[in-house]
Amino acid sequence: MTEPAQRPDAHAVEPVAAPGENHENRTDALEGPRLAQLEANLAAVRRRIDAAVAAAGRQAAPPRLIVVTKFHPALDVRRLASLGVTDVGENRDQEAAEKAAQLQDLGLSWHFIGQLQSKKAKSVVKYAASVHSVDREAVASALANAMAVEADRTGRPPLDCFIQVSLAEQAGDAAAAHRGGAAPGEVTALAEQVAGAGGLRLAGVMAVAPLGADPAAAFEKLAGSSGRRAEQFPYATGISAGMSQDLEEAVRFGATHLRIGSDILGPRPALR
């Protein structure tokens, strides 16, 4: 990690920067009020995770924390890295690509968690360690094709892929549809496609609890889907689930990856 610059006046207000802004030549330091805020927020979330892990009896297999930094500046990611964060989630390719390029020195693992357009696959495989939102055949095919080129060019390792599962209770469920995901009847074929594609590694399943729904019931359903995948692909045991508002329920039902944003970084900054 680069050495911090000179510490700013403790009473100064740090300006909000656009997500893609380059901070390499800024004179303000990583340290200061914003770092203290992030440190306190991160500690609070980690305490919640620890408590949920203990309640679930999962101390031997705690989940991996992915801090979702969308709309927040690259400098915040650098601050988080100084606090021990190693996994970062983004849901927009342009923003993720810019941040990953600026922060190459940190050795972070970048997770693409948003709905992915097939045309963005070539860009995503340049920086992402995993994609948590493979929800249709076209996306899986585009990622496989992009990985064939990228692996040949750079020798990068396989891309971890989570199948995003829709947790809609019935067809036409608008709340669940807003969250995205493959219909339950499509998940097996999609998993087989990913598992059989060169350059892709089937990591498991992912879902977002439908708006207004009981997250415990939603994550119990996801755990069932994960179990069925693992019967066919014993290595694909990952469950990407849980956000700021429902991480406890996600841990209870076996989440291996938590995607936490607002409770660590706070409200998104105004974009300029």
Side-chain angles (χ1 to χ4, degrees), residues 66 68 70 87-100 109-154 156-168 171-210 218 221-222 225-226 228-230 232-233 235-243 255-257 259 261:
I66 298 170
V68 180
K70 62 181 180 180
D87 294 86
V88 178
E90 292 286 341
N91 71 345
R92 300 193 309 171
D93 170 61
Q94 181 177 349
E95 182 178 348
E98 290 176 356
K99 287 180 182 175
S109 290
W110 294 87
H111 302 256
F112 189 85
I113 63 174
Q115 290 184 302
L116 179 62
Q117 296 176 300
S118 298
K119 65 182 181 181
K120 297 291 188 179
K122 291 180 182 179
S123 174
V124 168
V125 301
K126 286 178 167 53
Y127 59 82
S130 68
V131 172
H132 290 237
S133 50
V134 179
D135 61 355
R136 58 195 187 280
E137 180 182 338
V139 168
S141 295
L143 288 172
N145 291 338
M147 275 298 300
V149 174
E150 189 64 15
D152 184 62
R153 186 178 73 87
T154 66
R156 65 151 293 168
L159 176 73
D160 279 353
C161 293
F162 292 80
I163 305 300
Q164 184 175 358
V165 181
S166 172
L167 298 179
D173 185 333
H178 173 73
R179 300 297 205 182
E186 302 169 343
V187 174
T188 296
L190 191 52
E192 290 174 346
Q193 179 187 359
V194 170
L200 305 184
R201 176 184 173 273
L202 180 63
V205 294
M206 178 274 237
V208 182
K221 185 176 180 180
L222 182 64
S225 178
S226 173
R228 291 188 290 276
R229 302 291 78 73
Q232 187 175 5
F233 306 103
Y235 56 87
T237 57
I239 300 177
S240 174
M243 299 190 294
T256 60
H257 296 68
R259 310 179 307 273

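Just so it is clear, the values below take in all heavy atoms, side chains as well, and ignore hydrogens, waters and symmetry mates.
- Counting only distance, with no hydrogens or angles, the side chain of Ser118 and the backbone of Ala142 share no donor-acceptor pair below 3.5 Å.
- Note that CD1 of Ile66 and OG of Ser240 are 5.5 Å apart. Values are rounded to the nearest 0.5 Å.
- Scanning all heavy atoms of the two residues, the minimum distance from Ala144 to Ala197 falls at CB-CB, 3.9 Å.
- Distance check, rounded to the nearest 0.5 Å: CE of Met206 to NE2 of His257 gives 12.0 Å.
- Applying the side chain to side chain contact (heavy atoms under 4.5 Å, CB included) criterion to Phe233, with sequence neighbours excluded, gives Ala191, Glu192, Ala195, Leu202, Tyr235, Ala236.
- Note on residues 159-168: pairs passing salt bridge (Lys or Arg N to Asp or Glu O under 4.0 Å), not counting sequence neighbours, are Asp160-Arg201.
- Judged as a side chain to side chain donor-acceptor pair (under 3.5 Å), the pairs with a partner in residues 134-145 (not counting sequence neighbours) are, in order, Ser141-Gln193.
- Of all heavy-atom pairs between Leu200 and Ala140, the closest is CD1-O, 3.7 Å.
- Shown here for Phe112 and Tyr127, the closest heavy-atom pair between the two residues is CD1-OH, 3.8 Å.
- Atoms CZ and NZ, from Arg92 and Lys120 in turn, are 10.5 Å apart once rounded to the nearest 0.5 Å.
- What you find for Ala182 and Leu190 is that their closest heavy atoms are CB-CD2, 4.1 Å.
- For the salt bridge (Lys or Arg N to Asp or Glu O under 4.0 Å) test, no residue two or more places apart in sequence or in another chain qualifies with Asp93.
- Looking at every heavy atom in both residues, Ile239 comes nearest to Leu222 through CG2-CD2, 3.6 Å.
- Scanning for side chain to side chain contact (heavy atoms under 4.5 Å, CB included) contacts around Arg156 gives Val125, Met147, Glu150, Thr154, Leu159, with sequence neighbours left out.
- In this pair, Phe162 and His132 present their aromatic rings parallel. The plane angle is below 30°, not in the 30 to 60° band.
- Here the closest heavy-atom approach between residue Ser226 and residue Val205 is recorded as CB-CG2, 3.8 Å.
- For the side chain to side chain contact (heavy atoms under 4.5 Å, CB included) test, residues two or more places apart in sequence or in another chain that qualify with Val68 are Lys70, Ile113, Arg259.
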